[in-house]
Amino acid sequence: MVITISEKVLRRTRQRQRILEVLRATKGHPTADWIYSQVKPEFPRLSLGTIYRNLKLLKEQGEILELDFGSTFSRFDGRSENHYHFICRKCGEVFDVDMPLDNNLNKKATKTTGFDIEDHRLVFYGLCKGCLKIRERR
Ligand code: ZN
Ligand code: MN
């Protein structure tokens with residue numbers, strides 16, 4: 001079978017579109033491995049490297065966020081606008097914290113540093129509801 005350039009381009013576009021759909025459809029903040037496992041059945045020749053390349057591209061296009069919480073692997077977020085997160089220190093799950101952005105923080109940090117602070121990321125740590133229940137039962 002002869003595969004033309006345009007077919008290749010088309011397949012790549014469909015793969016990237018599918019990755020974005022999978023990310024937008026989940027409330028979780030999945031790893032590249034998880035996204036790979038979801039998309040792979042549709043694209044048998046897909047490699048993990050391609051997933052990473054597409055995630056990088058989507059990030060550069062402002063379609064997704066890459067969340068690097070200092071762990072060895074990144075998590076990805078289909079919500080690209082800035083929002084706060086919570087990480088459970090017990091189970092490691094990442095949740096959205098749907099409270100308004102505190103834009104005073106940018107001003108305060110600008111005042112403190114003399115830098116032109118444009119934006120900030122905020123992560124809360126503690127125990128999630130599920131882990132709290134487990135603790136109460138003991
Ligand atoms: Zn938890
Ligand atoms: Mn999020």
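Residue numbers start at 1 and run along the sequence shown. Atoms within each ligand, like the ligands themselves, are counted from 1 in listed order. Side chains included, hydrogens not; waters and symmetry mates left out as well; all remaining heavy atoms used.
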Donor-acceptor pair between H83 and D98 side chains, under 3.5 angstrom: no

Check the orientation of H29 and H85. Use parallel for under 30°, tilted for 30 to 60°, and perpendicular for over 60°. perpendicular

Within a radius below 2.8 Å of the Zn ion (ligand 1), how many protein N, O or S atoms are present? 4

Are any of the side-chain heavy atoms of E118 and N106 separated by less than 4.5 Å? no

Parallel, tilted or perpendicular for F95 and F86, by the 30°/60° rule? tilted

What count do you get for protein N/O/S atoms less than 2.8 Å from the Mn ion (ligand 2)? 5

Nearest-0.5 Å distance that lies between atom NZ in K59 and atom CD in Q61: 12.5 Å

Close side-chain approach of Y36 and T31, heavy atoms under 4.5 Å: no

If we ignore angles and hydrogens, is there a donor and acceptor under 3.5 Å between the side chains of S74 and E66? yes

When you check the side-chain N and O atoms of D119 and N82, is any donor under 3.5 Å from an acceptor? yes

May I ask you to check whether R53 and T50 show a side-chain donor-acceptor distance below 3.5 Å? yes

